[in-house]
Amino acid sequence: MTVREPARSREQRKQDVLDHLEKDEDAWVSTASADGVPTLVPLSFVWDDGTLLMATRRTNPTAVNLTPSGQARIALGPTRDVVLIEATAELVEGTDLPQTSGDAFAAKLSWDLRGRPSWVYLRFTPYAIRAWREENELAGRELMADGHWLDGEPHADEQ
């Protein structure tokens, strides 16, 4: 018999999500083409001023897919510690990337793409975040809605 941990409070879940965003290096990024063909790829990231900053070749499907809709879903963590992020995305040329963002990316990932024209940065701005570990955390798994962190414990309509 598996012993489950008690459900975390919303405050604890938010802190755990922020820890993932600061410490994790890789995420699964899901996009879809204009005609609905899905793409799921792992990309390395840095949490940069409230956004996830990633990079890929400008011709890769993930970069191409962002142009029509600017929408993406991102997943962090293992299946028993899920962080699911819905985000808007924008392509950022290396020459347009703020120095501090480029420095943060290079420092965390030991990889500096500035000055490499075949690559682009992808900046994902979360507008919804959900996090859960087990079934007992499904209620109240929404931590961010409309780009704002939710405060306090979930109400009955979030259960």
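What you see below is based on every heavy atom in this structure, not just the backbone, and it leaves out hydrogens, waters and symmetry mates.
With values rounded to the nearest 0.5 angstrom, Thr125 atom OG1 is found 11.0 Å from Ile85 atom CD1. The distance from atom CG of Leu150 to atom CZ of Arg13, rounded to the nearest 0.5 Å, is 11.5 Å. For the atom pair Asp16 CG and Leu21 CG, the distance stands at 11.0 Å (nearest 0.5 Å). Here Leu122 contributes atom CG and Glu90 contributes atom CD; the two are 9.5 Å apart, rounded to the nearest 0.5 Å. The CG atom of Asn60 lies 9.5 Å from the OG atom of Ser118; values are rounded to the nearest 0.5 Å. Considering CG of Asp151 and CG of Leu143, their distance stands at 11.0 Å, rounded to 0.5 Å.
Here the closest non-hydrogen pair linking Ala75 and Leu84 is CB-CD1, 4.4 Å. Of all heavy-atom pairs spanning Val46 and Ala104, the tightest one is CG2-O, 4.0 Å. Closest approach of Ala55 to Leu43, counting heavy atoms only: O-CD2, 3.7 Å. Heavy atoms only, all atoms of each residue included: Trp111 and Arg116 are closest at NE1-NH1, 4.0 Å. Scanning both residues, Gly50 and Pro126, for their nearest heavy atoms gives O-CD, 3.4 Å. Taking both residues in full, the closest heavy atoms of Asp24 and Gly77 are given as OD2-N, 4.1 Å, listed atom of the first, atom of the second, then distance.
Taking 4.0 Å as the cut-off between side-chain N and carboxylate O, Arg123 and Asp49 do not count as a salt-bridged pair. Electrostatic pairing of Arg10 and Glu142 does not count as a salt bridge here, judged by no charged N lying under 4.0 Å from a carboxylate O. Using a cut-off of 4.0 Å between Lys/Arg side-chain N and Asp/Glu carboxylate O, Arg58 and Glu93 are scored as salt-bridged. Classification of Glu134 and Arg80 as a salt-bridged pair holds, one side-chain N sitting under 4.0 Å from a carboxylate O.
Atom CG of Asp146 sits in a sparse spot, with 12 or fewer heavy atoms from other residues, nucleotides or ligands closer than 6.0 Å. Atom CZ of Arg114 has more than 12 heavy atoms from other residues, nucleotides or ligands within 6.0 Å.
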Next item on the list: Show your reasoning for whether salt bridge (Lys or Arg N to Asp or Glu O under 4.0 Å) applies to Lys108 and Glu25.
Entry: CA-CA 8 Å; Lys108 181 177 182 183; Glu25 290 185 0; over 6 Å; no
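Under the 4.5 Å side-chain heavy-atom criterion for ILVMFWY residues, a single connected hydrophobic cluster contains both Phe45 and Val83. Leu76 and Met54 fall within the same hydrophobic cluster, where Ile, Leu, Val, Met, Phe, Trp and Tyr residues are linked whenever their side-chain heavy atoms come under 4.5 Å apart, directly or through other members. Linking ILVMFWY side-chain heavy atoms closer than 4.5 Å, directly or via other members, places Val41 and Leu52 in a single hydrophobic cluster. Note on Leu109: it clusters hydrophobically with Tyr121, by side-chain heavy-atom contacts below 4.5 Å among ILVMFWY residues. No single ILVMFWY cluster, assembled from side-chain heavy atoms under 4.5 Å apart, contains both Leu40 and Val64.
Side-chain atoms of Asp26 and Pro42, non-hydrogen and from C-beta on, never get closer than 4.5 Å to each other. The shortest distance between side-chain heavy atoms of Phe105 and Leu113 falls below 4.5 Å. In this structure the side chain of Val82 never reaches within 4.5 angstrom of the side chain of Arg130, judged on heavy atoms. Annotation: side chain of Tyr127 is in contact with side chain of Thr88 (closest heavy-atom distance under 4.5 Å). Side-chain contact between Phe124 and Leu66: present, with at least one pair of heavy atoms (C-beta onward) separated by less than 4.5 Å. Counting heavy atoms from C-beta on, the side chains of Leu53 and Trp47 never come closer than 4.5 Å. Contact check for Trp149 versus Val17: side-chain heavy atoms found under the 4.5 Å cut-off.
Side-chain atoms of Glu137 come within 3.5 Å of backbone N or O of Arg133 as a donor-acceptor pair.
No side-chain donor-acceptor contact under 3.5 Å links Ser33 and Asn65.
Asn136 is linked by a side-chain hydrogen bond (donor to acceptor under 3.5 Å, both in side chains) to nothing, counting only residues two or more places apart in sequence or in another chain.
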